[in-house]
Structure formats: structure tokens, C-alpha cells
Amino acid sequence: MQPEARILPVTPAQSETRAQLALILLGGGVFLAAALFMTLGARGSWAFVLQFRGMKLLGLILIAHAVAVSTVLFQTVTANRILTPSIMGFDALFVLSSTLLIAFMGSVQLSGLDPRLLFAARLIVMTLFSMALYRWLFLGEEQSLHRLLLTGVVFGIFLRTLAEFVQRMLDPNEFMVLSDMLFASFTKIDPVLMGIGWALVLAVTLWLARNLARLDVIGLGRPVAVNLGIRWRRDVLLVLALVSVLVAVSTALVGPVTFFGLLAASLARLAVGTTRHAVLLPAASLTAMLLLIGGQTLLERLFAFNTALGIVIEFFGGVVFLILLLKGGRR
Amino acid sequence: MIETRALRKSYGSSLVLDEVSLTLPRGGITSIIGANGAGKSTLLSVISRLLTADSGAVSIDSQDIFRAAGPELARKLAVLRQDNHLNARLTVKELVSFGRYPHSKGRLTPACREAVNHAMTWLDLTALSDRFLDQLSGGQRQRAFVAMTLAQETDYILLDEPLNNLDMKNARAMMLTLRQAVQALQKTVVMVLHDINFASVHSDRIIAMKAGRVIHSGTPAQIITPAILRDVYDMEITVQEIDGHRFAFYYG
């Protein structure tokens, strides 16, 4: 019996109740956090405060959802619970794609471009890259988690360093444009990008909602899934493309966050105690929202910090990553 | 009918399947025997499209399996491998219900529920249906996976060492269940077996493999002989006939 079986529900009825309770509590928590975020410590005109904070809130919800869902999907197709798109370097790939775009096209051409078109270009370059780079890792007939983990970490570092290397060779003006493009934060979100982000993420979510059963089958691992008629190659590539889109949206809005997705997905798994995507995906998304909105409210309103949320979340996410690694990583 | 034509497969520089051409008729139980590394599991995996061959072709009822659509093939052929580690946490009933996915895409119809219950009854799992897989013994878990492949309601069932993890009682029960499925439901079962005596007693045909080739095939009476077993396993094995079945003795 698994060591963690002690904290998991014992009967299907318990499991059902536990999952429902967890979803309700998480939903309530997010609602409360959002209400506090919108109203706490507001001064001056309410119309202004609500509009200003509402934009921020929409951004936080979008990022939380994108990061959490991409992590769960990624863990489903790779059949593990330690790896996340960011550990495998997906966000580094997005940074690299943007850097290469600037390096080859020049900032002058790019600054004249419609930001939506620019984002589309970055997204397409990144998705193509991720398909080319990662397909051989995930489509193999026999996978070793350890090989995947090692390759992923090396890939991540390689891509990050490559991006930095190209950035160093950029003309200072172009580097400025790039920095503007890359280094956003949880509190400074571009409204145009957010519009595109919402549209993309809603489209992905809609597809997911119609394919929950298929994701459950994919989660059984390649041999069982192929036996049940999943076209593994096509479906895994499709899910990886969706992961690319979600990572691109969140990276474009707030820059790379390495361990946030892992933290949210792991906490959600613990909370719901089931691997059914119909429960797990919303739970992960709500957990991420609670962490992000709750954390932002605490730090911004109670402690009057502005930039520390990313650091705090990364710290706890990193701790979870280490715990999972030490537990042997299979589950 | 399952047909393979000149299948070749190698891992790195070692050839695991060497020009395997084989015809397995419909109906009955076929056992694949051979020493470790003879290519038995690889052959089973290639036939069931879990592995791709380097060259050659596999067809089922004259349909090429690598061209067939996934769900369509999954309603015709079910396969179960040896080592079934799941990342998901499921009850027995949930696992068996997954067998209906090729038919219903996750929305269970009344016919599906009936097939699931039926499969659980066949494998004596009804009392365990609400237990989680991680609460079961290895043998019970193995039976749950076999029940999933039965619930798939395919003509062909391919099993890689279905007796793994099973004690004598459960191993025999499993073989009897499979025989019943073959007789009552006209299934075709192909399985890799290590225990040649189970193969001898319960198979209609035996295929013997060595170094990636099929070296002998025929009825148990034809295959379970000292000469052929020496050829397959490179050791002296006595064969005795008891109650009309041939048994190999290799314990001494």
C-alpha cells in the first residue's frame, strides 16, 4: 500500500464527498479572496478602484488558470507528478522565441506591428519549437521518468542560457523593447494582451471540457490508452500544443514562473484525492487562483509589499518540488 | 484471423524479432512460450500496435493494424501488458468501466453497465467493485485489469503473462475463465505464458519462440515433447502423460 493512502479516501462515496467538499471550499475561498482583493483598503472613488483592481483581478485569474491547467495536462501526458512545463523549459522556450524574433526582425519593424499580431507570431514560433523539441521525448514507446526529468532540466537550462546569450548580442534599444515584452509582473498587465489571453484560454478550456473522458484515458499511460483506442501520437501532440498556448499566455503576461504550477497542482491533488480530470482540472485552477489572489491581497494590503509574491510562491513551490523528488517521484 | 508478415524489430543492435511470419486462426487459445528474451512479449506488443515494427506488417481480419483507426481497432482487439502501473487512483469498477471507452467515449450506456457488471462477475470481482486498486493484492489487481479487457467486448484478447502474480488457485481460475470466454463468447485469446504446463493443459495451439524467431508451432501434443522442448529451452526436460495431458518436468 502507498504511504499516502492513509490520507486518501477509502470508499468511492467518501471520495465523491471529499472531492465535492474540496471544490466547494476552494470556490468559496477564491470568492472571498477576490472580494477582499477588490475592497480591502480602498480609498477615493469606488468606480476607479473597482475598475483598476478588476483589471488586475482578471489578470490574476487568467494566469492562475493557465498555469494550473497547463501543469495538470502536462503531468497527465507525461504520467508523472513532478514535471511541469516550466521545469521542462516551456517558458524558457517562449522567452527564446521572443528574443529570436527581435534579433532577426529588429525592434523597429516590431514596434510598428499590431501587438496582437506580434503575440501571435511569438506564440506560433514557440509552439513550433516545442513540437519539434519535445515530440521525441514524449512519443517514445518506452519512457523513463528519470531520463525525462534529467533531459528536461538540462533542456530548460540550455534554452534559458541560449536566450540570455542572444539577448547579450542585441542592440541596447532592441534589448529595451524585449525587456518590456518579457518582464511583466503580477501587478502590471497589458490590457490588449489580456484580451487575447482570455480568448485563447477560454477556447482551450472549452476544448478540455468536451474531452475530459479522453484525458482520463490518456492519464492511464500509453499501453492502456492505446489499447482503449487513443491515437497516442496525435492526442499527445495536441495536448502539448494546448500546453504551449497556455504557457505562452501566462509567460507573456507575467514572465516565467517555475514552481507555481507544481505547487497548485500538487495541493489540488492532495485536496481532492482523485485523478478524474472533471474534478482535478477545476480544483487545480481554483487552488492557483486562491494562492495568487489570496497571496496578492495579503502581501499588497496587509504587508504593503509589492513584488514579493512571485518569490514567496516560488519558494513554497520549490519546497514542494524537493519533497516530491525525495518521496521517490513515482507518484 | 491475425497475420504477421516478416516482422523485424531490434533494440539498438540486438535483433528481437527476426522475420516473424505467423497466422493465428480465429477462436481458441494460443500460447506463446520460450525462454526469457526470446521475443514473446515484443511479438505480442507489435501485434497489438503497442510497439511499431521496424519492418513487416500485421493484419487482423485482413485489416492492417497500423492503418486502422484507433477506436475501431480497440473494439476488435484488447491487449493487456505485464506491468500495469497506474498514476490514476481508481476503484475496480472505474477501471473496468474504462474498458467501455472505445464504445461509449466515457458516457456509459445501459449496455455498457451490463458489460461492466458481466466482466466483474466473470472474474469474481463483484464484492471488490468499490475497492480502490491500491487496496488490492497483486492477484486481485491483475484480475481487475483482465476484467477491463473483457468489458471491451473484443473478438481478440492478447495477454502478456496473465498468470503473473497469481497463486495456484487464482491461476487456474484465470485459465478456466479464459477458456469459458473462448467457448461461450467465441473469443480468440493469445497469451504469453511462462508455465509450459498451463500452456500444455489449456491451449489449443502453442507457438515456441527462440532468439526472435518462431521455431515450432502446433498442438500441445506436438510441442510438449522432450525433443522440441530441448530445442526451445536448451535443457533436458522429461515429459509424462497424465490423464490425457502432457506435463513437462524440469524441477530436478
Asks: Quick one: do B/K40 and B/E161 make a salt bridge, cutoff under 4.0 Å?
Replies: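 Between B/E161 and B/K40 there is no salt bridge, as every charged N stays at least 4.0 Å from the carboxylate O atoms.
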Asks: B/D155 and salt bridge (Lys or Arg N to Asp or Glu O under 4.0 Å): which partner among B/R26, B/K76, B/K187?
Replies: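 Option passing the salt bridge (Lys or Arg N to Asp or Glu O under 4.0 Å) with B/D155: B/R26.
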Asks: Counting only heavy atoms closer than 4.5 Å, note whether A/L228 contacts chain B via side chain, backbone, both or neither.
Replies: both
Asks: Which answer fits B/L158, side chain, backbone, both or neither, if we ask what part of it has an atom under 4.5 Å from a heavy atom of chain A?
Replies: neither
Asks: Quick one: of A/R214, A/Q75, A/R231, A/R276, who has the most non-hydrogen atom pairs under 4.5 Å with chain B?
Replies: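 Among A/R214, A/Q75, A/R231, A/R276, the one with the most close pairs to chain B is A/R214.
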Asks: Quick one: do the B/Q152 and A/N227 side chains pair a donor with an acceptor below 3.5 Å?
Replies: yes
Asks: Need one label for A/N211: side chain, backbone, both or neither, based on atoms under 4.5 Å from any heavy atom in chain B.
Replies: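 For A/N211, neither part sits under 4.5 Å from chain B.
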Asks: Any ion pair linking B/D18 and B/R213 (charged N to carboxylate O, less than 4.0 Å)?
Replies: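 The answer is yes: the pair qualifies as a salt bridge.
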Asks: Quick check on A/V224 against chain B: is it the side chain, the backbone, both or neither that has a heavy atom closer than 4.5 Å?
Replies: side chain
Asks: Could you check whether B/D160 and B/S41, counting side-chain N and O atoms only, form a donor-acceptor pair closer than 3.5 Å?
Replies: yes
